[in-house]
Amino acid sequence: MFMKQSFAIIGCGKVGRILGKHLAEAGYRPMGFSSRRITSARQAAEFVGAPDRCFEKIWEAAIDADIVFITTPDDSIQESCRTISKHNGFKENAVVFHCSGALASTELASAKSCKGMSGVMIGSIHPLQSFASEQTGKSGNPFDNIMMGVEGDSGAVEKAHQIAKDLGAQPFTITTDGKILYHAAAVVASNYLVTLMDLSIKLMAASGVLQSEAFDILKPLIQGTLVNIDSTGIPEALTGPIARADVGIVKKHVQAIRGLPDKTADEMARYYCMSGMETIQVARAKGTLSEDAAKHLFKILKSE
Ligand SMILES: NC(=O)c1ccc[n+]([C@@H]2O[C@H](COP(=O)([O-])OP(=O)(O)OC[C@H]3O[C@@H](n4cnc5c(N)ncnc54)[C@H](OP(=O)(O)O)[C@@H]3O)[C@@H](O)[C@H]2O)c1
């Protein structure tokens with residue numbers, strides 16, 4: 001296979017290891033692995049099939065790489081980059097990336113002032129996927145068809161697009177200033193969906209369904225809703241009592257949740273009501289909820 005540019009991984013955790021493995025499989029040359037603990041760097045280098053490429057010092061791992069990925073936790077990205085820069089550890093014309101969703105490429109600004117180096121470009125390349133454990137992607141390619149948000153210097157963005165495609169992912173460019181809201185959107189879509197499902201399963205169990213069966217029972221409904229959002233979009237995909245203006249049913253829901261013999265009943269009711277108030281806006285946009293019915297519903301949900 002034609003060998004592509006070389007890369008280094010700084011921070012050998014869940015993302016660093018998997019990224020390294022799939023970059024190598026896509027033809028990029030593993031040049032250096034370094035982490036807070038040498039054992040993590042060694043394990044990652046072995047995992048990627050380059051056991052002789054692990055280094056104690058992060059700048060030693062980065063110095064010969066065309067592309068450097070700083071995959072430490074977000075709080076350590078800026079400091080790790082500064083440390084490498086201070087030791088002149090970036091190669092001339094290197095491209096430096098981090099993989100954080102929340103932080104912008106500007107966290108890597110120190111790489112540009114790396115003494116004696118010129119032409120270093122910085123960017124961020126964020127896999128919009130959840131890598132829950134180091135087992136993720138042990139079989140199969142976890143980058144396959146996922147989206148990757150990229151931003152940074154134009155040369156780095158161009159490189160990131162190529163890397164994402166080589167990994168099997170679909171790149172898209174975001175603005176540097178918009179990163180924090182982009183990440184908030186991802187948190188709502190992924191993390192808060194988990195919390196929402198947790199509430200739904202608890203209510204299903206409270207209704208008498210076995211908790212162990214609750215998710216399987218809800219699954220076709222969840223999948224159908226996703227299909228509807230995909231095919232008709234929002235607000236058209238909204239159905240249910242708020243879209244239908246069934247004020248009495250919503251009131252009964254709230255009373256039933258509040259009355260549960262569960263110490264979190266108040267929190268569950270509050271969550272239901274907050275989501276309901278947002279749903280009123282969607283129903284209004286759909287055009288199926290009159291202004292009067294919306295006000296009535298809002299009053300019920302607000303008072304809880
Ligand atoms: N996990 C996800 O689902 C996910 C998804 C998208 C993006 N990301 C982003 O990917 C990046 C890495 O996340 P992760 O989930 O892979 O984190 P992680 O599993 O905690 O791995 C981070 C690794 O960095 C090493 N490290 C910590 N501080 C360091 C330092 N000062 N210098 C060098 N290495 C250091 C850790 O040390 P040891 O050497 O002690 O092992 C650890 O192995 C983050 O920017 C995160 O926002 C994560």
Side-chain angles (χ1 to χ4, degrees), residues 7-23 32-48 53-63 65 67-87 89-90 96-108 110-111 122-138 140-152 160 163-164 167-172 174 179-194:
F7 70 92
I9 301 286
I10 310 300
C12 299
K14 294 182 282 294
V15 169
R17 280 164 57 102
I18 296 292
L19 181 64
K21 181 169 188 278
H22 289 277
L23 283 169
F33 294 83
S34 188
S35 203
R36 187 175 43 189
R37 292 173 301 148
I38 190 68
T39 47
S40 301
R42 193 173 299 122
Q43 280 167 6
E46 281 168 8
F47 182 59
V48 173
R53 303 309 309 177
C54 82
F55 296 85
E56 285 268 1
K57 310 287 186 210
I58 57 176
W59 56 92
E60 290 171 350
I63 186 73
I67 311 166
V68 179
F69 295 90
I70 300 185
T71 49
T72 63
D74 286 8
D75 286 349
S76 307
I77 291 172
Q78 198 179 82
E79 191 50 42
S80 300
C81 188
R82 270 209 205 107
T83 304
I84 300 172
S85 301
K86 213 168 68 192
H87 289 86
F90 292 117
V96 187
F97 289 112
H98 67 65
C99 293
S100 164
L103 301 177
S105 53
T106 45
E107 292 289 304
L108 305 171
S110 64
I122 58 173
S124 69
I125 175 165
H126 174 240
L128 246 176
Q129 183 56 284
S130 172
F131 298 85
S133 86
E134 303 200 344
Q135 303 303 313
T136 310
K138 270 212 158 161
N141 177 4
F143 297 99
D144 197 26
N145 258 322
I146 68 163
M147 304 301 294
M148 287 183 102
V150 309
E151 58 80 35
I163 292 168
L167 287 167
Q170 296 186 45
F172 66 100
I174 49 181
K179 269 216 86 172
I180 194 71
L181 286 176
Y182 153 86
H183 189 246
V187 165
V188 172
S190 174
N191 310 156
Y192 293 0
L193 181 62
V194 176

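Start at 1 with the first residue, then count along the sequence. Numbering of ligands and ligand atoms starts at 1, following listing order.
The closest approach between Gln129 and ligand 1 falls below 4.0 Å for a heavy atom of the residue.
The N/O atoms of Ser34, backbone and side chain alike, include none that comes under 3.5 Å of an N/O atom in ligand 1. At least one N or O atom of Phe131 sits closer than 3.5 Å to an N or O atom of ligand 1. In terms of N/O distances under 3.5 Å, ligand 1 is not approached by Ser130. Between His126 and ligand 1, no N or O atom pair is found at a separation short of 3.5 Å. Considering backbone and side-chain atoms alike, Val15 places an N or O below 3.5 Å from some N or O of ligand 1.
Minimum interatomic distance between Ser85 and Ser110 (heavy atoms only, all atoms of both residues): OG-O, 3.1 Å.
Residue-ligand proximity, Ser100 to ligand 1, at heavy-atom distances under 4.0 Å covers atoms 45 (O), 47 (O). With ligand atoms numbered from 1 in the order given, ligand 1 contributes 23 (C), 24 (O), 25 (C), 34 (N) to contacts under 4.0 Å with heavy atoms of Gly11. Below 4.0 Å from some heavy atom of Asp74 lie the following atoms of ligand 1, by number and element: 44 (C), 45 (O), 46 (C), 47 (O).
With a 4.0 Å heavy-atom cut-off, ligand 1 is reached by the side chain of Ser40 but not by its N, CA, C or O. Here Ser80 has side-chain heavy atoms under 4.0 Å from ligand 1, and that is the only part of it that gets that close. Using a 4.0 Å cut-off between heavy atoms, His98 makes no contact with ligand 1 at all. Heavy atoms of Cys12 found under 4.0 angstrom from ligand 1 belong exclusively to the backbone.
Ring geometry, Phe69 versus Phe7: the interplanar angle exceeds 60°, so the pair is classed perpendicular (tilted spans 30 to 60°).
At a threshold of 4.5 Å between non-hydrogen side-chain atoms, the residues Ile146 and Leu167 do not count as touching. Put simply, the side chain of His126 reaches to within 4.5 Å of the side chain of Tyr182, judged on heavy atoms.
Annotation for Tyr192: atom OH does not count as buried by contact number, only 12 or fewer foreign heavy atoms lying within 6.0 Å.
The closest heavy-atom contact to atom 34 (N) of ligand 1, among the options Glu79, Met148, Arg37, Arg36, comes from Arg36.
Side-chain contact check for Thr39 and Arg42: no donor-acceptor pair (N or O, by modelled atom type) lies under 3.5 Å.
For the pair Arg53 and Phe33, the cation-pi test (distance below 6.0 Å, angle within 45°) is failed.
The backbone N or O of His98 lies less than 3.5 Å from no partner atom in the side chain of Ser124, so there is not a single donor-acceptor pair.
Taking the six-membered ring wherever Trp is involved, the centroid distance between the rings of Phe143 and Phe131 falls below 6.0 Å.
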